[in-house]
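Single-structure report; data block below.
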There are 2 protein chains.
Amino acid sequence: MITNKNCIIRLSRYKNALYRLQTLGFVKVFSDNLADAVGGTASQVRKDFSIFGISGNKKGGYQIDSLLEKLNSILGKDQLQKVIVVGAGHIGSALMRYRGFEKEGIKIVAGFDIDPAKINRSSPVPVLPLEEVKAFVKSNGIRIAILAVPDIAAQQAADLICVSGIKGILNFAPLGLKAAEGCIINNVNLEIELENLIYFVNVTEKTK
Amino acid sequence: MITNKNCIIRLSRYKNALYRLQTLGFVKVFSDNLADAVGGTASQVRKDFSIFGISGNKKGGYQIDSLLEKLNSILGKDQLQKVIVVGAGHIGSALMRYRGFEKEGIKIVAGFDIDPAKINRSSPVPVLPLEEVKAFVKSNGIRIAILAVPDIAAQQAADLICVSGIKGILNFAPLGLKAAEGCIINNVNLEIELENLIYFVNVTEKTK
DNA sequence: ATCATTTTGTTCTATTTTTCACAATAACAA
DNA sequence: TTGTTATTGTGAAAAATAGAACAAAATGAT
Ligand SMILES: NC(=O)c1ccc[n+]([C@@H]2O[C@H](COP(=O)([O-])OP(=O)(O)OC[C@H]3O[C@@H](n4cnc5c(N)ncnc54)[C@H](O)[C@@H]3O)[C@@H](O)[C@H]2O)c1
Ligand SMILES: NC(=O)c1ccc[n+]([C@@H]2O[C@H](COP(=O)([O-])OP(=O)(O)OC[C@H]3O[C@@H](n4cnc5c(N)ncnc54)[C@H](O)[C@@H]3O)[C@@H](O)[C@H]2O)c1
């Protein structure tokens, strides 16, 4: 099994680049076009494809249509991915209002909150009481959740949604959560992203 | 020079874990405590420290105080980092309202937008017209910007703030920007984060 | 039909990152 | 003291990742 996260991220980048090329009217693409488009090497592009059994044509490159089909299937984009947001605060509601996920086949179908003031069943993405999360996840077959609750509540909320049937969590709270058995947690830690950026700005400044 | 991004991210994690341990009353820590706290191995903790010339005491572990001092200095946290947000829309204003950066010594000092309706010079974090960004960056010595403008405007806005003196950009637009000479761009691509999570949820589901 | 050219797919090589292993040594106990 | 134990610091080994190189195949030119 593939465990290389970077490799999967590259597949997403290839996919995005291919849509751009397709929009520009291209029908086929060579490994080095794609490498240029995402900032890698041609061999890596071919290696990545070969890992997933994707093949092109000697001298003819890759047919963009069928390449996209294969990448989309690998990335699970052949079906709409329904996602919930837990915690309808600042970040949570920014995400719920964001239309950009839809073009990626990702649809935020509901938010959940413990604060009664946040509940709104009639907004475009309804915000429901947290108590309903289990039933909702079960009856709608949701597997992915975005967790955007305050730090202090994050572990408890993660446990709850795992028990409710969620299999993957994108966590915004800046702390390491313990994942329940059978649930994957990926973190978006903006504090650390900024710290990282600051570090590299500092070192390039010094060495120059 | 260190080019390993993961290593720097681990330093941030150690730092965060050390604050938690300090709060719990701990004074010293061993490499394997830290490894447990951040989910790594003890040798990696020691190796990471050794890369930066951080040393502890045989049999005595590391003094949390002085370890934190060293990590904070490496991570540039011995001075307040002033950051601007470019694009005061959904994501941009969620970030400007977020108080969590302050405890990390990161302060969002202003937002910038082209939409006159978004301008507000008297809010806690003032939102200023984009035309003022260059003067502001220069006179306040800002080096870091968060870019939260629509995709279509992102490259142009990145170019503008680089010319204005910004050295590091945390970009939220889901596309690869070309960095101007002397400017580092790190991307937070939530579409790709979700795609990645979905991929790994799918494969663990299948292989089980 | 033959040859030159282009581009893939894969093997082989290099680099990077992680882990292992253990000598060195500080702390403590007898 | 002397010995025992715990833990660091690091060099060597292993694993993972990336890159280069090139034979094989397809295309098109002559
Ligand atoms: N806002 C940002 O820009 C930002 C940036 C980086 C990280 N974060 C992190 O994202 C998380 C959310 O931040 P925010 O600014 O949106 O906070 P917020 O306070 O605006 O929103 C949190 C929401 O979660 C709800 N909530 C609390 N406990 C809950 C529970 N157990 N179950 C469900 N809902 C619950 C609250 O009622 C509230 O609506 C925090 O962990 C924060 O550290 C936020
Ligand atoms: N909102 C989300 O949850 C979310 C999630 C993932 C990615 N993103 C990305 O983040 C970016 C911002 O998203 P958003 O939802 O906040 O958009 P938004 O439309 O709410 O806000 C964008 C803001 O940028 C301003 N703007 C436009 N051009 C500008 C320019 N040249 N200079 C300065 N300001 C300018 C607009 O006036 C607006 O206020 C987009 O690239 C989007 O794809 C957003």
Side-chain angles (χ1 to χ4, degrees), chain A residues 1-14 17-18 21 26-71 74 176 192 196 199-200 203, chain B residues 1-14 17-18 21 26-71 74 176 192 196 199-200 203:
Chain A
M1 193 192 61
I2 299 299
T3 51
N4 184 346
K5 188 168 160 159
N6 285 334
C7 175
I8 308 303
I9 289 178
R10 284 195 301 268
L11 294 190
S12 287
R13 298 229 162 93
Y14 301 148
L18 286 167
L21 291 169
F26 287 85
V27 169
K28 63 181 192 180
V29 71
F30 303 119
S31 56
D32 68 328
N33 303 143
L34 225 29
D36 287 352
V38 306
T41 67
S43 343
Q44 186 158 59
V45 172
R46 297 199 298 273
K47 175 78 76 65
D48 286 340
F49 288 173
S50 126
I51 289 170
F52 291 95
I54 295 176
S55 59
N57 313 296
K58 299 268 157 86
K59 195 159 182 187
Y62 303 83
Q63 212 66 24
I64 292 183
D65 288 3
S66 86
L67 187 47
L68 270 172
E69 244 168 59
K70 284 168 189 152
L71 290 175
I74 291 164
I192 287 186
N196 203 257
Y199 172 84
F200 283 104
V203 293
Chain B
M1 193 191 63
I2 299 299
T3 51
N4 185 344
K5 187 168 162 160
N6 285 334
C7 175
I8 308 303
I9 289 178
R10 284 195 300 268
L11 295 190
S12 287
R13 297 227 163 94
Y14 300 148
L18 286 167
L21 291 168
F26 287 85
V27 169
K28 62 181 191 179
V29 70
F30 302 119
S31 54
D32 69 328
N33 303 143
L34 266 180
D36 286 353
V38 306
T41 68
S43 14
Q44 187 158 59
V45 172
R46 296 199 299 273
K47 177 65 69 87
D48 285 341
F49 288 173
S50 123
I51 289 170
F52 290 95
I54 295 175
S55 59
N57 313 296
K58 299 268 157 85
K59 195 159 182 185
Y62 302 83
Q63 212 65 24
I64 292 184
D65 289 3
S66 86
L67 186 48
L68 270 172
E69 244 169 56
K70 284 168 189 152
L71 290 175
I74 291 165
I192 287 187
N196 203 257
Y199 173 83
F200 283 104
V203 293

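On a predicted model such as this, the values are computed, not experimentally measured, just so you know. Every chain is numbered from 1 and lettered A, B, ... according to where its sequence line falls, protein lines coming before strand lines.
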Describe the nucleic acid contact of B:Tyr62 in one word from base, sugar-phosphate, nothing, applying a heavy-atom distance below 4.0 Å.
-> sugar-phosphate

Would you find a donor on one side and an acceptor on the other, under 3.5 Å apart, between the side chain of B:Asn4 and the backbone of B:Cys7?
-> yes

Take the protein atom CD of A:Gln44 and the nucleotide atom C1' of C:dT8, then report the distance between them rounded to whole Å.
-> 16 Å

Could you state the atom-to-atom distance from CD of A:Gln63 to C1' of C:dT8 in whole Å?
-> 15 Å

From C:dG9, D:dA18, D:dA20, pick the nucleotide closest to the side chain of A:Ser55?
-> C:dG9

Between the base of C:dT19 and the side chain of B:Lys47, is there a donor-acceptor distance below 3.5 Å?
-> yes

Determine yes or no for a side-chain-to-main-chain donor-acceptor pair under 3.5 angstrom, with B:Asn33 supplying the side chain and B:Phe30 the backbone.
-> yes

Please work out if B:Thr3 contacts a base, only the sugar-phosphate, or nothing of the nucleic acid, heavy-atom cut-off 4.0 Å.
-> nothing

Of the nucleotides C:dT18, D:dC22, D:dG19, which has the atom closest to the B:Asn4 side chain?
-> C:dT18

Closest nucleotide among C:dT18, C:dT8, C:dC20 to the B:Ser43 side chain | C:dC20

Answer with base, sugar-phosphate or nothing: what part of the nucleic acid does A:Thr41 contact at a heavy-atom distance below 4.0 Å?
-> sugar-phosphate

Looking only at C:dT10, C:dT18, C:dT25, the nucleotide nearest the B:Arg10 side chain is C:dT18

Send over the distance from B:Arg46 CZ to D:dA12 P, rounded to a whole Å.
-> 17 Å

Measure distances between side-chain N and O atoms of A:Lys59 and base N and O atoms of C:dT5, and say whether any donor-acceptor pair falls under 3.5 Å.
-> yes

With no hydrogens and no angle check, do the side chains of A:Asp48 and A:Tyr14 hold a donor and an acceptor under 3.5 Å apart?
-> yes

